[in-house]
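What you see below is based on every heavy atom in this structure, not just the backbone, and it leaves out hydrogens, waters and symmetry mates.
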Amino acid sequence: MSLFYLTNLLHLNCKSVKLKEAGNKLNEASSLTPEEKEERKQAKIALKAEVILEEPIKFVSGHELVGASGFGSRIYQLKDNTVIFGLNNPDHFWITGIEFAGPRYHEIQTTKSKSDTKGKSKTKKHRHGLGGAVIGTILAPGVGTVAGAIVGSYSGKDKTKGSSSTIGEASTITSQIEDDSSTIVKLTNAATGENVQIILLTKTRDYQRLMSFHVNMEVINKDDSDDHSESSSRTSANSKTDTSSSSPVEEIRKYKQLLDDGIINAEEFSTKKKQLLGL
């Protein structure tokens, strides 16, 4: 399934969810008393005053895990470094990890052309009869008119001779346009300790903005410590099980192998065998 198709499907689903949630909120608000409405309003104002950082986000999945609408949502960080996804009685979370899938690009090629015309020409001028008639009249009245008429009989258009050439150049420019990618945000519920993760639709700039949010290393270290303790407990339990399940016969076989390999002598083997058999 392409990311483009997934994005369109996401927008359609989010719109449907948003309309449904808007209807639920409207029904819920209509059932509140004026006192309850005022109390909720004041709580929202007080919570807004605790916000130190906020960014718009687009969900791919997981919005229902954090009580967000899924479309047109925002993430807020409070003064205690917890994050919330709404201002109406929200759940509080610690951010424990932010993982960007990396940028995605597509290329666009643009071609530009430029042309330049160069050449040379030569123009031959012809005199016209009107000019001759005027000049003739000034020099010799009566004669000049006739001379002007004779010169005028050879009048015509100017003739131009020459050559030209056109030189063209074309250049192609390739540009990279960033597409939507994804970022996984790992969260721990501050009240219950439950670990959840959400996936957001992001570009590089969106990921960089998310990285400005506080990541709670204490919660991460605590989880790692708990995992290590649990792993150690399992290892210890398995070790005890292995020791307790080892029978005297199996132990004797092990020492017999040591005897055959010349690592222990017959007397040592006999002594150990009697110990294992309780003799």
Could you tell me the separation between the [atom1] atom of [X] and the [atom2] atom of [Y], rounded to the nearest 0.5 Å?
{"X": "M211", "Y": "F100", "atom1": "CE", "atom2": "CZ", "result": "11.5 Å"}
{"X": "D179", "Y": "I177", "atom1": "CG", "atom2": "CD1", "result": "8.5 Å"}
{"X": "T202", "Y": "R209", "atom1": "OG1", "atom2": "CZ", "result": "11.5 Å"}
{"X": "R104", "Y": "S181", "atom1": "CZ", "atom2": "OG", "result": "4.5 Å"}
{"X": "Q197", "Y": "T183", "atom1": "CD", "atom2": "OG1", "result": "12.0 Å"}
{"X": "F93", "Y": "T188", "atom1": "CZ", "atom2": "OG1", "result": "9.5 Å"}

Classify the ring geometry between F85 and F59 as parallel (under 30°), tilted (30 to 60°) or perpendicular (over 60°).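 Geometry flag for F59 against F85: tilted rings.
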Closest approach of [X] and [Y], non-hydrogen atoms and distance?
{"X": "T82", "Y": "A190", "result": "CG2-CB, 4.4 Å"}
{"X": "I199", "Y": "S182", "result": "CG2-CB, 4.0 Å"}
{"X": "P103", "Y": "T204", "result": "CB-OG1, 3.6 Å"}
{"X": "N265", "Y": "L259", "result": "C-CD1, 3.4 Å"}

Is there a side-chain contact (heavy atoms from CB on, under 4.5 Å) between K58 and L200? Walk through the geometry before answering. CA-CA 6 Å; K58 296 179 182 178; L200 305 178; over 6 Å; no
Apply side-chain contact (heavy atoms from CB on, under 4.5 Å) to the pair L78 and H92, showing each step before the final yes or no. CA-CA 9 Å; L78 307 181; H92 292 241; 3.4 Å; yes
When you measure from the side chain of D206 to the backbone of K203, do you find a donor-acceptor pair of N or O atoms at a distance under 3.5 Å? yes
For T33, is there any backbone N or O sitting under 3.5 Å from a side-chain donor or acceptor partner on E36? yes
Does the side chain of [X] reach to within under 4.5 Å of the side chain of [Y], using non-hydrogen atoms?
{"X": "I252", "Y": "Y255", "result": "no"}
{"X": "R40", "Y": "N88", "result": "yes"}
{"X": "K41", "Y": "K37", "result": "no"}
{"X": "I84", "Y": "L47", "result": "yes"}
{"X": "V83", "Y": "Y76", "result": "no"}
{"X": "L187", "Y": "I95", "result": "yes"}

Quick one: do I98 and V66 end up in the same hydrophobic cluster if we chain Ile, Leu, Val, Met, Phe, Trp and Tyr together by side-chain heavy atoms under 4.5 Å apart?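 As far as the 4.5 Å side-chain criterion goes, V66 and I98 are connected within one cluster.
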In terms of hydrophobic clusters joined by side-chain contacts under 4.5 Å, are M217 and V185 together?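 Yes, same cluster.
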Identify all side-chain donor-acceptor contacts of residues 50-57 below 3.5 Å with residues at least two apart in sequence or on another chain.
{"from": "E54", "atom 1": "OE1", "to": "R74", "atom 2": "NE", "distance (Å)": "2.8"}
{"from": "E54", "atom 1": "OE1", "to": "R74", "atom 2": "NH2", "distance (Å)": "3.3"}
{"from": "E54", "atom 1": "OE2", "to": "K48", "atom 2": "NZ", "distance (Å)": "3.0"}

N-O pairing of E250 and R253 below 4.0 Å: no
Does R205 come within less than 4.0 Å of E178, counting only side-chain N to carboxylate O?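 So R205 does not pair with E178 through a salt bridge.
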Would you check if there is a donor-acceptor pair between the side chains of Q77 and N81 at a distance under 3.5 Å? no
Does N89, at its CG atom, have more than 12 non-hydrogen atoms belonging to other residues, nucleotides or ligands within less than 6.0 Å?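 Counting other residues, nucleotides and ligands, CG of N89 stays at 12 neighbours or fewer.
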N/O donor-acceptor pairs under 3.5 Å from side chains in residues 269-279, not counting sequence neighbours:
{"from": "T271", "atom 1": "OG1", "to": "E267", "atom 2": "O", "distance (Å)": "3.0"}

